[in-house]
Structures are given as C-alpha cells and as structure tokens.
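For reference, the structure I am asking about is given below.
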Number of protein chains: 2
Amino acid sequence: MRAGPRRQPRSPEPAGPARPAAEGLSIAGVARQAGVSVATVSRVLNAHENVRPATRDKVLAAIDASGYRVNELARNLRTAESRLLLTMVPDFGNPFYAEIVRGIDSVARQHGYFMLLCDTGADAGRERSYFDLLRRRRADGAICLDPATIQQALGEASSALPWVACCEFEPSMGVPYVGIDNYRAAGDAVRHLLARGHRRIALINSDIDYLYARQRQQGYLDALTEAGITPLEGWRMNLNSLDYEAGASAAAVLMEPPHPKNATPTAIFAVSDTLATGVLHGLRSIGKRVPDDVAVVGFDDISIASQVDPPLTTIAQPMRELGETAARLLLQRLANPLASVPGVLLPHRLVIRGST
Amino acid sequence: MRAGPRRQPRSPEPAGPARPAAEGLSIAGVARQAGVSVATVSRVLNAHENVRPATRDKVLAAIDASGYRVNELARNLRTAESRLLLTMVPDFGNPFYAEIVRGIDSVARQHGYFMLLCDTGADAGRERSYFDLLRRRRADGAICLDPATIQQALGEASSALPWVACCEFEPSMGVPYVGIDNYRAAGDAVRHLLARGHRRIALINSDIDYLYARQRQQGYLDALTEAGITPLEGWRMNLNSLDYEAGASAAAVLMEPPHPKNATPTAIFAVSDTLATGVLHGLRSIGKRVPDDVAVVGFDDISIASQVDPPLTTIAQPMRELGETAARLLLQRLANPLASVPGVLLPHRLVIRGST
DNA sequence: CTGAAAGCGCTAACAA
DNA sequence: TTGTTAGCGCTTTCAG
C-alpha cells in the first residue's frame, strides 16, 4: 500500500528574527523563556510529580505567555501511538449505527482517544483499506460493525491487529465482540405475533452477508416451525438496503397477489426499524391498515419507531451500550494485548406499541 | 492546555534479534533488504519520478516481501500535517447533520484526508476544546456546524486558524462559509401556506442561538406581515432540542386552548423535519388530522420526510452539497491560506407533499 | 539516479 | 529535582 504524492510542507523558514510568539513555537522555545530545559517542560506538560512547584509555575507562565500548544504530531511519533480509534460502519447515515457510534465516541473520549469514523458501505475493498490504517499507525485500534463475512475474510489476515467486532461477529474468529442474541430476539418477535393470533408471518430481511440477518432468519424459521407452521418461501425477502424506500417497496411486493390461496401474510417482521417504517408507508400506499389488516414488528427501537403511525412494536437493542462496550473491549485489548478475549452478549427487549 | 498523563509507550525492545518481518519494520529495513538507501525507498513510496525502474522494482519487491507499511506518525511529523479534517457538529445523531457529514467525508477522502468527527452538543466549552485540536496539530483544518453565536466567540480568538463554517455562519467574521438563504426559504414555506388559504400560522423554532433560527423566524414574520397578517406571539415556540419528542409535545402545547378567540393556528411551520415529524405525532395524539385540521411544513427534506403519514411538505436543503462545498472551501483554504474567502449560498427548494 | 545526513518536536533514559 | 542527549521513522536538501 503505497501513498500518493502529498502536499508540500511549510517551506523552511527564512530564519528571520524570533516570531511575535504563539506561532510554530516548540517546547525548546518555552524552555528558553522559562529558563529551564526541555525535559522539565516536558515533565510539566505531562504532569510528572518530580518538578519543584516554583519551577512548574515558571514553565506554566511561559506556556501561558507564549500561547504554546503541544505538537501532538511529534508526541505521537515519540510515544508510538496515535490516540485515534477507528470505527468502521456500513452506513453512518443509519440512525441505528449513529447511536452506537455515539456510545463508542463517549467512551473513547473519556479515555483520551478520538474517533476516526469511516463509512465502508459494507464494501470489502474499502474496509480492507481502512483496516490498513492500523498497520500504518494512523489509528491505535479499530471497531468494526461491518458484516461478519467481511470481517472473516479480513480477520484471517489481521487477527494480530488490535480490533474488536460490534453487532457483527464470528465467535470462532477469536476477535473480541459484543452483540445481542439475534436468534432469540427474532424468535421473541415472531412469538409475539403468534400470540396475537397471526399464522402467516412474513420476514423482510437484509442482505444475508450479515450475521444478524442469518441469525434472525433462523430464529424466525424455528419459531414458526415450533408453532407448527411451515414457513413459506414467498414470505421471505432479502433486501440489500435498509433504507425506508426499500422497506416500502418490499411491503408492496410482499402483499401482492401471487401467493398461494390463503397464504398472503397478515403480519410482517422487518429486521430493522428503518425497513419497518418504510413498510408502514408501503402498506399505507396500497391501502392496507396497520395493525388491522397487517401487523408490523420492527427491530432496534431507534427513536423514530415511537413516532410513526402507528408506533412500531419492535425489538429494542441497547445501542448505546453496544457502542460503549465495544470501545471498552478495545481499550482493554490495547492496554493488555495478551489478555483473553471475551465475547459479550447484551440483552434485547420486546417493546410493544400500536403496530401489532 | 496541558495534556494529562498518557499510556506508557511500548517498552524499549530488549534489542533482540531481527523480527520475523512485517512487524515494526521501518523504511531502513526495507532499504537494507532492497540494497538501497532510505532516501530511495522514500522516493519510491512517494512516487517520485527520478528513480530508475529497476531500482523501483527492487524496492517494491522488498516492500511486498516484508509487508512493510509506512508509519504515518513519522511522516506526519516530518511533513507537519496530520491529514485529518475536524468536523464539529452539534449532534451527529440528527439525520440532517449525518447527511452533511457524508458530503464532507466523501470530498475529504477524495483528497487524501480523513475526518475526525466531533459531537459538540452545541456546547461552547466542548467546541473550544475541539478547536484546540487545530493548534495542537492534530487536525489540519476544521469545519464547524455549530451555532453561529458560538463560532463568533471562538472566531475572535481563532480567526487565523484554518477553518470554515457550514450552515451556521457570520458573514462579517471573515470566515469562509456555505449555507442557504434561510430567510427566503422560511418565507417560501410561509407563502406556500398562505397560498393554501392559511392565515393563522405557527412557528416551531429551535434555539435562537442558531443563525438559521433567527433568519427563519424573520422570514416567517416578514412573510406574514407582507400578507397583512399580524403574527401573534402565541404562535411561536422556541425549543432547545430537535428531537422528535420535542416536536410532538410542542405541537400539543401549541394547539391547546389558551389562544385568543379564533387565534388557534391552522398551520404549523417547523424549522426541521425531525421536529415536524414529531409534530405529526403530537397532532395525531390530540386527535387532529393533517392536513385537514392542521397543515404542517417541515424543513431539510431528510429521508424520513417522505415516509411519514402524511408525507411532509418541506424545504429541501442540498445537504450533501453543503458538506461537499464546506470541505472544498476548507481544502482551498489549506492550499492557499492567503486567498480570499468566499461565502457560498446554495439553493433550497420547496417540496410539496401531503401534509399541506 | 542515488546516498549521506540533518532534522521535524517530543519523551525518557541516564547523569548530575 | 533538573539537564543532557539519544532517538521515534520519515522526507528532503545537498553531494556525488
């Protein structure tokens, strides 16, 4: 991975007379002004104990007077860390990921790290190139929310790199992860619909590259089977987008005639609230009422879920905690690269609203 | 601004025998393996012209064989740039900002920069501390989407720093900016309502700290006045949140009795689609039908706007372009710090849907 | 076309 | 408690 040409750095100063201050000032300048050595300035800067208060004050005064700011570029090289955490998401426009990212950000920040957010579009190539940021030391660690299939391909080449998986993971990969029990969650959604008397339940799923999509599908299938229902193929759709529009058109397609006699679904389980919100819109546009004609269950409990009409019954994921936990796992791994790598499953919750 | 204590860097290697390769490898190692000097390796790395093809191939081979990756920490120090662009948003969970951020990100990436995303919560203190990242050389430039009032306070102390304003700006500040004509846009929204026969039009506004809030309010007031209508105080609300819930409860309050006789609004103009979406929900919960009882106009045209029931009439902002333009202005400013600083206004557009 | 060498600004031994 | 000094890994004159 070679880098392209880069901009010219600041041209080497014409060695003019000392600047008015504040600009391009280095630790050496502060040391001079304070009448101490650079080591002492560095000690003050890093809050080391062994500096006489009087000396410290002198240094602090010089810093204030000069408007000096530490050059983190130099510090980073010296300490061999970037203090940046890389977060790779398939799509940060999606409110679900946005909330997780906030969780990551808040923990990272608390620990003196900043977050480098990268939208991969769930593309293996882009993810691979972002992953390379770790090797190039641009980031100290990474959190990946991309499909488990991508992670797996990458993981083989990068298992030694400091990263953790969030939401999407492959337990056998030996990479620390945090997520929820998608299988059970999907089962819970379906059993709720079953309890409401539905027997013809459709599944609007996302791309099967996602671990969650596979697990939720299995949960859906097994829950139906356990209830003595044979899930029809025609009840299932796989979408390669989580956009509202995708959900809307999927709903329309799903409710269209060409189902065997008496096989038109009376309920739809969509694997994300964005999809489910689109489904609501799609059903409305073909004149179906929710929940009277068709019941709808979503997934995630993003904030819009309670605002749509009718409000969505959904499976709530602890998004914020997912992000926070991922960040903590990563921080742990950075602090102790050899420690064992836990996998964490957080609880989900069925939230019943008007759409069922 | 002093830094707190930091983690220990990797302990100084026990100077063991050369590593198996790939790990902690530097340019010197590659040079040795290729039988050339570090300067030559650097030239190859940076695609300089003056390297004999044969030499280049040798170097490339050594790089491939060793799995070497450039250490950007070192490169950054040497070139005195971080190749990071700082983006400060009041709330990146808001879909409006999310879309702008995508625009910034795509342009930044195209030019070899990465984006450091910081959520300021529209807090002056946090913004100030993020701003300091520029001085500490953690970022080469910044794009600020925070309220213009905050920017102004900051701008005075930081006008020399390379940053641009997006959406929120203060033309007199001399900082490059991009935004829309909020005054006209709000007028357009109100005039649309007027044309539909409404005369009692309410305004659900956000915190008046925002330039856009002040401008839209003025546009609203003037449009009413020009139509011969005296805007009532009771028709206006200022919220300190753009959340759906905030919009929902504001709508309920607004439609409550204590209006002078015949002064209850028949239309609501909300300054953001998130608010307007909440308004829809709030109206529904008090039994008002949209648009029959009350018409609603939003602002932004985020993707949810077309999905709610009824779909929102709204003022579309070119969010993606706003972000892209902001990034380009910043890049321009970085390339030529002394060039003049343009202010750019992008066009808005009234999108008429079912809510009016 | 290639190499030797001088730092970028900082931290951390090691000495004093 | 403080100072001296040796790099971190890279880019870039300047010589050859």
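Sequence lines set the chain letters: A, B, ... in the order given, protein chains first and strands last, and positions in each chain run from 1.
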Item to check | Pair B:Asp140-B:Ser82, side-chain donor/acceptor within less than 3.5 Å | outcome: yes
Item to check | Short side-chain N/O contact to D:dG9 OP1/OP2 from B:Arg78, under 4.0 Å | outcome: no
Item to check | Gap between atoms CG and C1', on B:Leu73 and D:dG7 respectively (whole Å) | outcome: 15 Å
Checklist entry - A:Arg43 CZ to D:dT4 C1': how many Å, rounded? => result 10 Å
Checklist entry - Hey, does the side-chain of B:Arg137 have a donor or acceptor N/O within less than 3.5 Å of a partner on the base of C:dG9? => result no
Checklist entry - Looking at B:Arg75, does any N or O in its side chain come under 4.0 Å of the phosphate oxygens OP1/OP2 on D:dG9? => result no
Next on the checklist: Which is more 5' along DNA chain C, the nucleotide nearest B:Arg52 or the one nearest B:Ala74? Just name the residue.
Outcome noted: B:Arg52
Next on the checklist: Would the distance check show the side chain of B:Arg333 and the main-chain N or O of B:Trp163 forming a donor-acceptor pair, the cut-off being under 3.5 Å?
Outcome noted: yes
Checklist entry - Is the side chain of A:Thr79 donor-acceptor paired with the backbone N or O of A:Arg75 at a distance under 3.5 Å, no angle test? => result yes
Checklist entry - In whole angstrom, what separates A:Glu81's CD from C:dC10's C1'? => result 13 Å
Checklist entry - At under 4.0 Å between heavy atoms, what does A:Val38 touch on the DNA or RNA strands: base, sugar-phosphate, or nothing? => result base
Next on the checklist: C:dG3, OP1 or OP2 - any side-chain N/O from B:Thr40 closer than 4.0 Å?
Outcome noted: yes
Checklist entry - What's the CD-C1' distance between B:Glu72 and D:dC10, to the nearest Å? => result 11 Å
Item to check | Length of the CG-P vector between A:Leu77 and C:dC10, whole Å | outcome: 12 Å
Checklist outcome for this item: Of A:His48 and B:Val51, the one whose nearest nucleotide on DNA chain C sits closer to the 5' end is B:Val51
Checklist entry - Atom CZ of A:Arg69 to atom P of C:dG9: distance rounded to whole Å? => result 17 Å
Checklist entry - So which nucleotide from D:dT1, D:dT4, C:dC1 ends up closest to the side chain of B:Thr55? => result C:dC1
Checklist entry - Distance check: side-chain N/O of A:Asn76 vs OP1/OP2 of C:dC10, anything under 4.0 Å? => result no
Item to check | Whether A:Asn46 side chain and A:His48 backbone form a donor-acceptor pair below 3.5 Å | outcome: no
Checklist entry - Can a side chain N or O of B:Ser26 be found less than 4.0 Å away from OP1 or OP2 on D:dG9? => result no
Checklist entry - Could you state the CD1-C1' distance from B:Ile27 to D:dG7, rounded to the nearest angstrom? => result 16 Å
Item to check | Atom-pair distance (CZ on A:Arg138; P on D:dG9), nearest Å | outcome: 17 Å
Checklist entry - Any donor and acceptor pair, going by atom type alone, linking the side chain of B:Gln151 with main-chain N or O of B:Asp146 inside 3.5 Å? => result yes
Checklist entry - Choosing from D:dT13, C:dC10, D:dT1, which nucleotide comes nearest the side chain of A:Asn71? => result C:dC10
Checklist entry - Which nucleotide, C:dC10, D:dC10, C:dG3, lies nearest any side-chain atom of B:Val70? => result D:dC10
